Number of protein chains: 2
Amino acid sequence: MRTLKYAILGLINREPMTGYDITKEFNSNVLANFWYANHSQVYPELSKLIDEGSISFEVVIQGEKLEKKLYTITEKGRKDLMKWLVKDDPLEATPKDIFRLRAYFSDFLDLDELSDLVKQQKLKHVQKLESLQRIMDRTYPVPPSVKTREFGDFIVLESAIMREKYYINWLDDYLSHISRA
Amino acid sequence: MRTLKYAILGLINREPMTGYDITKEFNSNVLANFWYANHSQVYPELSKLIDEGSISFEVVIQGEKLEKKLYTITEKGRKDLMKWLVKDDPLEATPKDIFRLRAYFSDFLDLDELSDLVKQQKLKHVQKLESLQRIMDRTYPVPPSVKTREFGDFIVLESAIMREKYYINWLDDYLSHISRA
DNA sequence: GGGTACATGTAACTCGTTACATGATTCC
DNA sequence: GGAATCATGTAACGAGTTACATGTACCC
């Protein structure tokens, strides 16, 4: 499906970037909530995109002699990205979830052990939620308006927060079933 | 992380199964909501588990001469599974989400186009939710008690339903931001 | 001078999907 | 007899992770 291709095109479309910059974005606290990649995946993909003519680059000298490649999207790349953005694909397969898999097989654990496991899991999600909420409060005390770049950041951050809340709700529900037994 | 290994062990631990049976489970409407694999992944993994001594098999003749392999978990396999079930691992990386990635880059689409995209996506999630809800109503009109095998099915199905609801909430939230613009 | 961050690449390996390949059984 | 399902495998490829490998720039 070449999703990494479009993730990279989307970033470069905003402004020219180096492979290093792109990798940093993929590991930032907003984007990493729904897409990420290591530099070892990014650099080969950039070569591919050059071969395909979706991007071009110019070598920039940093300091004395450090060469970095600043990538820019081409007209072909931009068209390709646009087409991908509005494509009507069927729903992706549900993402895998190891904790759910464990829950599925946990019928032969004893109740105290199971309860501890679920509480441990809940704690982790509560901490993650708090961290996301802090970022939101700090960065977007007021929601930015649609059609600004900030709105993209805002709406996916909101989504990540809602996801953690739902997961915590599920774990609470799970715990209530256990304690009722 | 060998998660497939434990998914298979978890299934065989319930009762002896063939590779075909396991594959069917992975594509059933409950388990597939958080774990799945094709037969081309299952058969090689079964060979590995035999080599490791986690499972054993017996050949059963179906009809005249069709040989099928019925796999059973060994003591080693069961211990391994038990250890995995109660392991306290850090939270998994957030699952990737292509629709969120598209939302992230959508600031240069026009509002009608964006609104249509989000509505399309919502429709798909509403349909999925309805399908999950039907399975739930049909199969578990009353929640089964903890410590039964049915409870595993029930609690992960509940989770899948809650996930769809949250996703729909997010899309509604998204739409409200768009229409306010 | 030293540590951290900047910057780019390749190699080996695991995991997962799609396609190739074959044959038996069951039900109509 | 034919179609759907049961049943088991391998091959080729694509995606993703960890490790290997190298060098510069910037700040203290």
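Letters A, B, ... are given to chains in the order of the sequence lines, protein chains preceding strands, and every chain is numbered from 1. Small disclaimer: the values here were computed from a predicted structure and weren't measured.
Nucleic acid contact class of B/Lys96 (heavy atoms, under 4.0 Å, all strands): sugar-phosphate only.
Checking A/Leu81, A/Leu46, A/Leu70, A/Leu49 one by one against A/Ile12, the side chain to side chain contact (heavy atoms under 4.5 Å, CB included) holds for a single residue, A/Leu46. The residue from A/Trp35, A/Phe154, A/Phe34, A/Phe151 that alone fulfils the ring pair (Phe, Tyr, Trp, His ring centres under 6.0 Å) condition with B/Tyr104 is A/Phe34.
At a threshold of 4.0 Å, the pair A/Lys5-A/Glu52 counts as salt-bridged, since one of the basic side-chain nitrogens sits closer than that to a carboxylate oxygen. No salt bridge links B/Arg14 with B/Glu25; every basic N to acidic carboxylate O contact stays at or beyond 4.0 Å. The existence of a salt bridge linking B/Asp89 and A/Lys124 is excluded, since no basic side-chain nitrogen approaches an acidic carboxylate oxygen closer than 4.0 Å. Here B/Lys96 does not pair with A/Glu92 in a salt bridge; the nearest charged N to carboxylate O distance is not below 4.0 Å.
Boundaries of the chain A contact region on DNA chain C are C/dA5 to C/dG16, first to last in 5' to 3' order (nucleotide atom under 4.0 Å from a heavy atom).
If A/Met1 and A/Lys65 are placed on DNA chain D by their nearest nucleotide, the residue sitting closer to the 5' end is A/Met1.
Proximity of a side-chain donor or acceptor of B/Thr148 to a complementary backbone N or O of B/Ser145 within less than 3.5 Å is detected.
Heavy-atom neighbours of B/Glu75 CD from other residues, nucleotides or ligands within 6.0 Å: above the threshold of 12.
Listed by residue number, B/Asn38, B/Ser40, B/Gln41 are the residues of residues 38-59 of chain B with a heavy-atom contact under 4.0 Å to DNA chain C. Contacts between residues 84-94 of chain B and DNA chain C, defined by a heavy-atom separation below 4.0 Å, involve no residue at all. Using a 4.0 Å cutoff on non-hydrogen atoms, the parts of residues 18-37 of chain A near DNA chain C are A/Thr18, A/Gly19, A/Tyr20, A/Asp21, A/Lys24, ordered by number.
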Inset, instruction - Tell me, with the steps shown, if A/Ile50 and A/Phe57 meet side-chain contact (heavy atoms from CB on, under 4.5 Å). - result: CA-CA 8 Å; A/Ile50 287 291; A/Phe57 70 91; 3.4 Å; yes

Inset, instruction - Show your working on salt bridge (charged side-chain N to carboxylate O under 4.0 Å, His left out) between A/Glu15 and A/Arg149 and close with a plain yes or no. - result: CA-CA 12 Å; A/Glu15 61 186 324; A/Arg149 179 181 303 183; 3.8 Å; yes

Legend entry - Candidate pair A/Ser115 and A/Asp112, rule side chain to side chain donor-acceptor pair (under 3.5 Å), full reasoning: CA-CA 5 Å; A/Ser115 172; A/Asp112 288 344; over 6 Å; no

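We find that CE of B/Met17 is positioned 12 Å from P of D/dT8, with the value rounded to whole Å. Atom pair B/Gln62:CD and D/dT5:P shows a separation of 16 Å (rounding to whole Å applied).
With axes fitted over five pairs at each extremity, the angle between the ends of the helix from C/dG1-D/dC28 to C/dC28-D/dG1 is 30° (10° resolution).
Separating the OG atom in B/Ser159 from the CD atom in B/Glu164 is a distance of 10.0 Å, to the nearest 0.5 Å.
Ring centers of B/Tyr166 and B/Trp170: at least 6.0 Å apart, outside the cut-off. Taking the centre of each ring, B/His39 and B/Phe26 stay at or above the 6.0 Å mark.
In this structure, B/Lys79 has no salt bridge (Lys or Arg N to Asp or Glu O under 4.0 Å) partners at least two apart in sequence or on a different chain.
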